[in-house]
Amino acid sequence: MTSVFENTFVLRSAALSDGATADVYLKNGLIERVVPLAGAGVHAAGGPDAGVSAVELDLAGYLLLPSPVEPHAHLDKALLGSRVTNATGDLAGAITAIIEAYPSMTGDDIGRRGLKALGEALAHGYTAVRTHVDCREEIGTAGVRALVELRGRLAGLADLQIVALAGGVGGRDGAANRAVLAESLALGADLVGGVPSLEDDPTASLAELFAMAADHGRGIDVHIDETTDGGTFVLQQLAERVLASGFAGPVTASHCVSLGMQEPEVARKTARLIAEAGISVVALPQTNLFLQGRETTTRKPRGLTAVEDLLSAGATVAAGGDNWRDPFNPMGRIDAMETASLLVSAGHLLVGTAYECVSTHARTAMGLPEVRMAPGFPADLMAIRASSLEEAVAAGAPARIVFKGGRMVARTEVATTLDPLFG
Ligand SMILES: [Zn+2]
């Protein structure tokens, strides 16, 4: 494999999502030039600047895209797999299982599993990951410390953002968890997180989380709700709080499942508030399809937020994988192509919009600079063996080449042998 430190590339004959074929030049971490080709396989005149040694890659047969980024993961729980099982299969069962597993989730254990999961993420094309990490009285800051250390080790390979996911913070009972949250922020967690809908008083919980974020100058990313009860309105409360307070930091609302269960006019009104407040919403189809709707065997709800209404209102809608093979989602594939595919199947989005949710919109939600296939934009790119975006999302081919800041950070090659009949 070409050294990850190589930073000047000429990517020959790459297909782009608009149907064009181009030679794409990467230099100093950026896309330097995009030279459309008159016909497939015809290289543009010229080459890298004199005196610059560039690595040329033939990307014929590959589609070159802005890389996906993961706006919502849980690296502290990733790859627990069969080590921790969810007895009931629902959210309550997952939470019970994970709290029972806390004693075995040491910093070393979290760091090891987190690194393995991130390696898989990188190979699948992710160049940035936002992870939540449990920080509460029962586990303390072990996970935060492990992931802060991992963030440093990965510098230059992938951007890691850490959300301190607090336990109950409301009222007098929340004092111990508030202290762990404050310590987590002091240790280097980037954002304030919590689960207000699971607290006795979601309003009080939101107030504490916003106060903590303001005190520490951080943004907020909250798990809004994971319930198919359409009578839950924490998302609406969040928007009203942001609009009324003028909170300056970025705000992200994750899951927001109940919005997808409300009457269309009710959901649309909240969607407009979300857009007005500049809140990013993160849909998490894999986990919510797994956890929600278990109370019935027929007419199962999809557990997906109202993605179409949110997009129509002009809100930023990102999508992520959430849990990567743990009690909340044993099937996590760590692949944005699966997330985008589910947005098409379960959310009824067009393929192009679905891919924007896991790339462009996810970058916006994470506060990362935009990537376009044009000069001057960051060279955070994924080449995937496919001839079109539809094929890339549907087939999710494992053959991929990943660039982060113009450096090749992962390359997966696959050899398939078939009967000559298949050509
Ligand atoms: Zn989550």
Side-chain angles (χ1 to χ4, degrees), residues 69-80 84 86 89-99 101 105 110 113-114 117-118 121 126 128-136 139 143-144 147 160-168 181 184 189-199 202 205 209 219-228 232 234-235 238 251-260 279-292 303-305 317-334 336 338-339 342 357-358 362 365-366:
V69 294
E70 172 56 69
H72 187 121
H74 289 262
L75 286 175
D76 53 336
K77 303 173 181 119
L79 308 184
L80 280 170
V84 183
N86 179 344
D90 59 7
L91 179 63
I95 292 171
T96 301
I98 209 75
I99 290 175
M105 293 168 62
I110 290 169
R113 283 184 291 101
L118 283 169
Y126 290 116
V129 173
R130 174 179 288 186
T131 178
H132 295 249
V133 52
D134 287 13
C135 60
R136 54 196 297 165
I139 194 169
V144 176
L147 296 182
L160 191 57
Q161 298 180 353
I162 300 170
V163 185
L165 178 55
L181 175 58
S184 299
D190 301 294
L191 296 132
V192 171
V195 194
S197 63
L198 292 185
E199 296 203 39
S205 167
L209 295 171
I220 285 182
D221 188 337
V222 276
H223 284 62
I224 284 295
D225 70 73
E226 295 181 72
T227 175
T228 51
T232 303
V234 182
L235 182 62
L238 178 79
V251 178
T252 303
S254 297
H255 293 287
C256 311
V257 174
S258 65
L259 189 77
I279 295 170
S280 299
V281 172
V282 180
L284 300 151
Q286 282 111 325
T287 298
N288 293 127
L289 282 165
F290 176 75
L291 289 176
Q292 270 71 57
L304 193 60
T305 193
V317 179
D322 200 11
N323 294 86
W324 293 346
R325 290 173 231 150
D326 67 25
F328 294 79
N329 176 24
M331 297 291 105
R333 209 169 286 174
I334 318 185
E338 191 201 20
T339 304
L342 283 172
C357 291
V358 298
M366 293 172 71

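Just follow the structure's listing: the first ligand is 1, and inside any ligand the first atom is 1.
Looking only at its N/O/S atoms, Asp322 has OD1 as the one nearest to the Zn ion (ligand 1). Here the N, O or S atom of His72 that is nearest to the Zn ion (ligand 1) is NE2.
Between Asp322 and the choices His255, His132, Lys77, the side-chain contact (heavy atoms from CB on, under 4.5 Å) rule is met once, by His255. Between Arg130 and the options Leu75, Val282, Thr252, a side-chain contact (heavy atoms from CB on, under 4.5 Å) holds for only Thr252.
Contact detail for Thr287 and Gly321: the closest heavy-atom pair is OG1-O, 3.6 Å. Considering all non-hydrogen atoms of both residues, Gly320 and Glu70 come closest at CA-OE2, 3.1 Å.
At a cut-off of 2.8 Å, His132 does not coordinate the Zn ion (ligand 1) through any N, O or S atom.
The angle subtended at the Zn ion (ligand 1) by NE2 of His223 and NE2 of His74 is 100°, given to the nearest 10°.
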